[in-house]
Number of protein chains: 2
Amino acid sequence: MARAGGAGERLTLAAAELADEIGFDRLTVSAVARRLGVKDPSLYAHIENARELKARVALLALEELADRAAAALAGRAGRDALVAFADAYRGYAKQHPGRYAASRYELDPQTAAASAGPRHSEMTRAILRGYDLPEPDQTDAVRFLGGAFHGFVSLELSGSFRHTPREADASWAWVLDTLDFALRKHPARTA
Amino acid sequence: MARAGGAGERLTLAAAELADEIGFDRLTVSAVARRLGVKDPSLYAHIENARELKARVALLALEELADRAAAALAGRAGRDALVAFADAYRGYAKQHPGRYAASRYELDPQTAAASAGPRHSEMTRAILRGYDLPEPDQTDAVRFLGGAFHGFVSLELSGSFRHTPREADASWAWVLDTLDFALRKHPARTA
DNA sequence: ATGATTTGCCTAATTATATTAGGACGGATT
DNA sequence: AATCCGTCCTAATATAATTAGGCAAATCAT
């Protein structure tokens with residue numbers, strides 16, 4: 001449905017920008033129409049419904065995020081790869097909070113499978129190659145890393161860290177250091 | 001505003017149950033009114049607006065979660081405490097997905113400060129007593145654990161793990177084991 | 001060129017939700 | 001009995017989602 005370069009793309013872009021400005025949860029068809037200077041119903045020539053609008057932003061975010069992560073990973077391995085990947089992730093979330101939130105929007109299975117979502121776990125697996133983990137530990141580690149990155153970024157974005165003086169950057173470095181250590185030294189369990 | 005045992009409580013309960021059933025993001029004043037068998041405007045005698053309705057559910061969730069976590073922590077220390085706490089957290093999320101989502105709802109600073117939110121970080125700090133971490137590592141570790149727990153649960157709930165056969169329970173156990181190891185063996189950096 | 005098609009919009013209208021204003025009603029209080 | 005208070009209601013407005021049906025400029029095919 002989304003033809004590259006077409007009006008559908010402009011629509012998605014406008015929605016993504018809007019999401020970054022007002023928050024993904026407040027993204028509405030009306031608001032996007034307003035921003036584009038057209039009437040609400042006009043958008044239905046390009047999207048099925050509000051859900052698709054959100055899904056489009058989600059897909060865009062997943063791709064952009066995957067692209068950045070891939071670039072960060074290029075030529076790196078081990079700890080370097082881990083840090084670069086994680087930083088790309090966190091950097092994107094801070095720069096595009098609305099899009100980042102969108103990337104967690106629940107897509108229907110088919111759409112999700114065709115999205116850049118799988119690339120994310122593949123890249124995480126690629127990072128783990130530098131840590132020599134046997135299956136199923138590797139799968140557990142993929143989930144661990146994905147959860148740790150997302151959880152930290154999510155808490156930081158929601159302001160959970162503002163109550164304590166400690167710099168989020170410093171904690172982030174500590175976390176990455178700890179993750180690297182854990183993956184490097186933790187004995188495989190293969191349970 | 002919320003008087004214990006009053007109608008306000010029933011309202012909050014109804015909203016929480018509804019959130020668990022249809023998802024926190026779909027919680028509306030209308031839906032709650034419908035469930036209570038009253039007209040929409042009637043609810044405004046009890047709440048300020050839709051935002052307060054959500055905030056009420058968030059506060060309830062934070063309290064219930066803190067209570068469970070506290071119970072899980074009672075009499076435990078070290079690894080046992082870590083696992084019990086984490087399981088309480090994950091168990092609540094699976095049992096009450098709507099409430100759990102509500103617990104991440106952004107409250108205004110004052111409300112957040114008066115909520116059970118602080119208890120959560122205090123309890124996490126309590127767990128870390130068993131790991132002998134100096135500040136500011138302890139603060140970093142609190143953020144690490146909070147993020148890791150939330151991130152994993154969040155990904156699991158959103159179905160991110162369904163694509164891979166590996167049991168979520170097994171990965172969870174691996175994660176907790178790894179966290180315990182990292183906190184126990186990781187040299188303090190105090191950076 | 002030119003009629004057919006496509007594309008992108010629009011107006012009108014419906015439904016659901018959020019919210020305000022103002023009033024009715026029963027029980028509790030003085 | 002006069003007054004409050006808590007709870008609910010009807011009426012009304014604004015915003016958002018969405019459908020139906022129509023208009024015009026751009027594009028294509030012949």
Side-chain angles (χ1 to χ4, degrees), chain A residues 1-60 98-99 101-102 104-108 111, chain B residues 1-60 98-99 101-102 104-108 111:
Chain A
M1 294 26 188
R3 299 287 105 255
E9 289 304 305
R10 251 182 300 125
L11 199 176
T12 305
L13 241 297
E17 285 166 14
L18 195 52
D20 284 335
E21 289 165 25
I22 65 178
F24 184 66
D25 50 316
R26 280 181 220 143
L27 181 65
T28 67
V29 175
S30 287
V32 174
R34 242 174 343 253
R35 159 172 290 237
L36 291 173
V38 300
K39 301 293 180 179
D40 299 14
S42 303
L43 295 193
Y44 289 85
H46 310 287
I47 56 171
E48 191 71 45
N49 48 38
R51 180 171 168 64
E52 187 185 329
L53 177 71
K54 290 176 192 157
R56 292 260 193 114
V57 179
L59 292 172
L60 172 68
R99 283 151 144 120
R104 323 241 98 256
Y105 185 66
E106 281 210 43
L107 302 168
D108 53 285
T111 308
Chain B
M1 291 53 184
R3 299 287 104 254
E9 290 304 306
R10 253 181 298 123
L11 199 174
T12 304
L13 242 297
E17 286 166 13
L18 195 52
D20 283 335
E21 290 166 23
I22 66 177
F24 184 66
D25 50 315
R26 280 183 220 143
L27 181 66
T28 67
V29 175
S30 288
V32 174
R34 241 176 341 255
R35 159 172 290 235
L36 292 174
V38 300
K39 301 293 182 180
D40 298 14
S42 302
L43 295 193
Y44 290 85
H46 310 287
I47 56 171
E48 192 70 45
N49 48 38
R51 179 170 169 67
E52 187 184 330
L53 177 70
K54 291 176 192 158
R56 292 262 192 113
V57 179
L59 291 172
L60 172 69
R99 281 152 146 118
R104 323 243 97 255
Y105 185 66
E106 281 209 44
L107 303 167
D108 54 285
T111 308

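Because the structure is a prediction, the values reported are computed rather than measured. By convention in this document, chain letters (A, B, ...) are assigned in the order of the sequence lines, proteins followed by strands, and residues within each chain are numbered from 1.
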Rounded to the nearest 0.5 Å, how far apart are [atom1] of [X] and [atom2] of [Y]?
X	Y	atom1	atom2	value
Thr28(A)	Ile22(A)	OG1	CD1	6.5 Å
Glu106(B)	Thr111(B)	CD	OG1	12.0 Å
Lys39(B)	Ser30(B)	NZ	OG	11.0 Å

So if I take residues 23-32 of chain A and measure heavy-atom distances to DNA chain D, which residues fall below 4.0 Å?
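Heavy-atom contacts with DNA chain D come from Thr28(A), Val29(A), Ser30(A).
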Using the side-chain heavy atoms of [X], tell me which of these nucleotides is nearest: [options].
X	options	value
Pro41(A)	dT19(C), dT7(D), dA20(D)	dA20(D)
Tyr44(A)	dA17(D), dC9(D), dT19(C)	dA17(D)
Asn49(B)	dC8(D), dC9(C), dT19(C)	dT19(C)
Lys39(B)	dC10(C), dA17(D), dT10(D)	dT10(D)
Arg34(B)	dT17(C), dC10(C), dT7(D)	dT17(C)

Does a side-chain N or O of His46(A) approach OP1 or OP2 of dT7(C) to a distance below 4.0 Å, or not?
no
Please tell me if Ser42(B) has a side-chain N or O lying less than 4.0 Å from either OP1 or OP2 of dT7(D).
no
Measure from the side-chain N and O atoms of Asp20(B) to the backbone N and O of Arg99(B), and report whether any donor-acceptor pair falls under 3.5 Å.
yes
For Arg35(A), does the CZ atom sit with more than 12 other heavy atoms under 6.0 Å from it, leaving out its own atoms?
yes
Pair Arg56(A)-Tyr105(A), side-chain donor/acceptor within less than 3.5 Å
no
Would you indicate what Ala45(A) reaches in the nucleic acid, counting non-hydrogen atoms under 4.0 angstrom: base, sugar-phosphate, or nothing?
nothing
Report the distance from atom CD of Glu48(B) to atom C1' of dT20(C), rounded to the nearest whole Å.
12 Å
